[in-house]
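Just the heavy atoms: all of them, side chains too, but no hydrogens, waters or symmetry mates, feed the values below. Just so you know, these numbers come straight off a predicted model, no measurement behind them.
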Amino acid sequence: MVAPVDGPSSAPGTGFEQGKRNTALQAHVAFFDRDLDGIIWPTDTYIGFRELKFGVILSIVSMFIIHGGFSYVTWGSILPDPFFRLKIKHMHRGKHGSDSEIYTTIGEFDNERFNYIFDMYSSEPHTHLTFAEGVRMLHGNMNAFDPFGWSAAVFEWLATYLLIWPSDSKGISKMDVKSVYNGAIFYKISGRKPKN
């Protein structure tokens with residue numbers, strides 16, 4: 001397994017290895033690691049967002065938000081990276097407050113928590129989540145005195161909703177949301193083959 005043993009530890013190797021059991025968070029971000037070296041440059045993120053059919057402006061804004069917010073904590077050094085790169089092996093350290101808690105502290109996908117979130121915030125039969133229900137979920141997950149976490153959660157929910165814009169009024173499907181967490185939908189939308 002390529003997962004770190006605990007929250008403060010690094011994942012072995014580059015943090016994502018083809019054919020091995022990677023965490024859902026590692027798989028989620030590996031889409032953006034175009035050269036498979038375990039390092040995501042800001043240009044990798046920009047290109048990834050463009051491949052996901054986001055416009056130029058939103059791709060640039062996303063690149064600045066993601067790398068500005070997570071480079072320092074994922075780089076693994078006391079000194080910040082001057083190029084604002086992200087390391088997949090430390091990506092679990094970028095888990096922020098006020099999120100859904102679907103990723104564990106080492107980046108594993110918590111299926112029980114995922115189902116709980118849908119049961120709590122979506123309408124019966126709990127198979128879809130509307131934008132308004134997602135906003136309600138954001139409010140329900142807010143931690144006190146956590147403006148970074150609030151902002152990150154809002155950005156993530158907005159990007160997710162735009163990425164898998166629903167075709168009907170039921171909202172986005174539970175399976176599509178799950179495929180965002182493990183990164184599978186990124187390959188489907190972009191047409192690129194998965195790395196593992």
Side-chain angles (χ1 to χ4, degrees), residues 4 7-8 11 15-16 23-33 39-50 52 54-55 57-77 80-81 83-110 113-114 116-118 120-122 129-165 171-172 176-183 185-186:
F16 183 86
T23 68
L25 181 57
Q26 290 166 332
H28 174 85
V29 300
F31 171 80
F32 299 95
D33 182 15
I39 296 174
I40 302 170
W41 287 75
T43 52
D44 292 332
T45 300
Y46 172 79
I47 292 167
F49 268 79
R50 294 293 290 142
L52 294 174
F54 285 103
I57 303 285
L58 188 56
S59 297
I60 290 171
V61 169
S62 299
M63 176 187 71
F64 278 108
I65 289 171
I66 292 167
H67 287 268
F70 297 106
S71 176
Y72 181 71
V73 295
T74 64
W75 193 244
S77 169
D81 178 48
F83 301 108
F84 291 92
R85 295 171 293 181
L86 310 173
K87 280 190 182 172
I88 294 177
K89 68 194 275 176
H90 302 297
M91 196 57 63
H92 61 285
R93 294 180 186 169
K95 187 179 172 317
H96 56 81
S98 300
D99 70 350
S100 62
E101 300 292 330
I102 291 171
Y103 288 128
T104 66
T105 56
I106 62 167
E108 291 283 2
F109 181 81
D110 185 344
R113 177 70 182 173
F114 179 74
Y116 176 75
I117 288 289
F118 261 81
M120 182 180 290
Y121 294 108
S122 68
L129 198 62
T130 65
F131 186 78
E133 290 168 341
V135 170
R136 196 164 163 267
M137 174 191 68
L138 293 175
H139 284 285
N141 291 334
M142 285 181 152
N143 296 336
F145 308 108
D146 184 25
F148 176 81
W150 305 332
S151 303
V154 167
F155 169 75
E156 290 162 357
W157 174 240
L158 183 60
T160 298
Y161 206 83
L162 291 173
L163 178 68
I164 49 180
W165 191 270
I172 55 179
D176 283 348
V177 174
K178 190 173 194 173
S179 67
V180 169
Y181 279 100
N182 65 22
I185 203 162
F186 300 156

Geometric class of the Tyr181/Phe114 ring pair [parallel <30°, tilted 30-60°, perpendicular >60°]: perpendicular

So does Trp41 get a backbone contact from the side chain of Asp44, meaning a donor-acceptor N/O pair under 3.5 Å? yes

Check: Tyr121/Ser100 side-chain N/O donor and acceptor closer than 3.5 Å: no

Minimum heavy-atom distance between Tyr161 and Leu129, given as atom pair plus value: CE1-O, 4.0 Å

Considering non-hydrogen atoms only, spot the tightest contact between Glu156 and His96 and give its length. OE2-NE2, 2.8 Å

For the residue pair Phe49 and Ile60, establish whether any side-chain heavy-atom pair is separated by less than 4.5 Å. no

Heavy atoms from other residues, nucleotides or ligands near CZ of Phe118 exceed 12 (cutoff 6.0 Å): yes

With heavy-atom distances below 4.5 Å as the criterion, would you say the side chains of Trp75 and Ile39 are in contact? yes

Answer yes or no: is there a donor N or O on one side and an acceptor on the other, between the side chain of Ser71 and the main chain of Leu86, under 3.5 Å? no

When Phe70 is tested against each of Phe84, Phe32, Phe155, Phe148 for ring pair (Phe, Tyr, Trp, His ring centres under 6.0 Å), which residue passes? Phe148

Looking only at heavy atoms, what is the nearest atom pair of Ser98 and Ala153, with distance? O-CB, 3.4 Å

Taking C-beta and beyond as the side chain, do Asn141 and Ile117 meet within less than 4.5 Å on heavy atoms? yes

Is there side-chain contact between Lys95 and Glu101, with heavy atoms separated by less than 4.5 Å? yes

Considering all heavy atoms, the nearest Phe186-Val180 contact: CZ-O, 4.1 Å

Donor-acceptor contact below 3.5 Å, side chain Asn143 vs main chain Asp146: no

Any Ile40 side-chain heavy atom under 4.5 Å of Ile66 side chain: no

Answer yes if the side chains of Thr45 and His67 hold a donor-acceptor pair under 3.5 Å, and no otherwise. yes

Do Leu52 and Phe31 touch side chain to side chain, with heavy atoms closer than 4.5 Å? yes

From CD1 (Ile88) to CG (Asp33), nearest 0.5 Å: 4.0 Å

So with a 6.0 Å cut-off around CZ of Phe64, is the heavy-atom count from everything else above 12? no

I need the minimum non-hydrogen distance between Thr74 and Arg85, along with the two atoms involved. OG1-O, 4.3 Å

